[in-house]
Amino acid sequence: MRKLIFLPLISALAVSSFAGADWDSNENLEFRADIKGVCGIDVKENGSLSFQGASEGKAGIFEVRHNQKYDATVTITTHDVSPNLTADKVLYSATANGAKSSNLSDEITIPVERKDTVEVHARYDDLQDNVLAGEAKVVTEVTIRCS
Amino acid sequence: MRLLLAALVMFSIPLTVFGHSQTPSSYGGKDNLMEAISVQDQKTVMFTITNISRNADRYDITVDGKKVDQTRLLSPGSQQRVGVVFETIEFNKPIVYEVCSVSSVKGGVRTKVCSRVGLVRL
């Protein structure tokens with residue numbers, strides 16, 4: 001008698017389980033990947049330092065690499081200079097995708113978008129004749145923050 | 001002399017392309033509470049540094065400006081995963097760190113890529 005009661009119950013449960021499994025033959029096969037945010041800088045060309053009273057030097061060019069929905073920022077500043085230069089006299093201006101985004105300053109921060117190309121000009125705020133002869137070297141630091 | 005000086009003051013990089021990237025670009029914070037939560041005194045976050053230069057380079061890893069690690073010498077196109085350990089001792093106090101990878105100086109430029117890490121101990 002017990003078997004007679006349980007048999008329909010187990011059958012009903014089995015049927016509902018199969019129905020819940022959604023064995024639809026038209027179900028798509030899915031491939032998924034978790035894409036992490038990437039942030040980077042790709043330097044394309046070197047530039048040259050210009051001096052007060054002289055024409056603008058060659059721009060340094062780099063490309064922004066990130067895959068975020070929102071914008072990132074790039075900061076350009078002087079990391080080090082040779083003894084015959086003064087760090088705070090090295091001034092930068094930057095242009096992102098043709099739009100000049102900042103005035104000359106010893107540290108500039110500009111918003112950048114994905115794959116923006118940034119041109120940077122560096123200028124020494126003194127006459128070239130006032131710089132002691134020898135190797136004049138500027139180490140520029142380009143920092144990107146994507147968050 | 002002026003020409004020589006002008007030639008010497010090339011403020012950027014060699015003619016070859018160089019650069020690097022870092023992932024994730026952010027970790028935890030308000031936007032991702034599941035990542036932000038720490039249930040132990042320490043939490044390790046993995047970062048991947050990729051050398052996109054034409055030359056080999058190694059990268060310093062800094063947390064809030066202080067060097068905590070360095071990658072091995074990465075050949076062009078190669079990458080390394082680096083685990084950065086954060087202390088999360090104080091309960092319910094969100095802390096934000098800045099993790100950066102810093103290249104060596106190439107010619108006259110060094111590149112720095114920074115990610116924000118927001119953690120909270122529960």
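- Linking ILVMFWY residues whenever their side-chain heavy atoms come closer than 4.5 Å, directly or via other members, leaves A:V43 and B:L74 in distinct clusters.
- Between the side chain of B:S25 and the main chain of A:S147, no donor-acceptor pair closer than 3.5 Å is present.
- Both the backbone and the side chain of A:E141 come within contact range of chain B, judged by heavy atoms closer than 4.5 Å.
- Rounded to the nearest 0.5 angstrom, A:I144 CD1 and B:K112 NZ are separated by 13.0 Å.
- Using a 4.5 Å heavy-atom cutoff, the side chains of A:R145 and B:R116 are not in contact.
- Note: the hydrophobic cluster containing A:L85 does not contain A:L127 (ILVMFWY, side chain heavy atoms under 4.5 Å, direct or indirect links).
- Here B:F47 pairs with nothing under the ring pair (Phe, Tyr, Trp, His ring centres under 6.0 Å) rule; sequence neighbours left out.
- Under the 4.5 Å side-chain heavy-atom criterion for ILVMFWY residues, a single connected hydrophobic cluster contains both B:V45 and B:I95.
- Most heavy-atom pairs under 4.5 Å with chain A: of the set B:S101, B:S103, B:S26, this distinction falls to B:S26.
- With values rounded to the nearest 0.5 angstrom, A:T143 atom OG1 is found 8.0 Å from B:E98 atom CD.
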Stepwise side-chain contact (heavy atoms from CB on, under 4.5 Å) test for B:V109 and A:V139: CA-CA 5 Å; B:V109 168; A:V139 177; over 6 Å; no

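- A:Y92 is connected to A:V131 through a chain of hydrophobic side-chain contacts under 4.5 Å among Ile, Leu, Val, Met, Phe, Trp and Tyr, so both are in one cluster.
- Shown here are the ring pair (Phe, Tyr, Trp, His ring centres under 6.0 Å) partners of A:H66, two or more places apart in sequence or in another chain: there are none.
- Note that SG of A:C39 is 9.0 Å distant from NE2 of B:H20, once rounded to the nearest 0.5 Å.
- In this structure, CD1 in A:I35 is found 9.5 Å from OG1 in B:T23, a value given to the nearest 0.5 Å.
- In this structure, CD in B:Q22 is found 9.0 Å from SG in A:C146, a value given to the nearest 0.5 Å.
- Interface remark: of the candidates B:V113, B:T111, B:D31, B:V113 forms the most heavy-atom pairs closer than 4.5 Å to chain A.
- Within residues 75-87 of chain B, no residue has any heavy atom under 4.5 Å from a heavy atom of chain A.
- Clustering ILVMFWY residues whenever any of their side-chain heavy atoms sit less than 4.5 angstrom apart, transitively, puts B:V102 in a cluster other than the one holding B:Y97.
- Residues meeting the ring pair (Phe, Tyr, Trp, His ring centres under 6.0 Å) test with B:Y27, sequence neighbours left out: none.
- Rounding to the nearest 0.5 Å places CZ of A:R65 at 7.0 Å from OG of B:S21.
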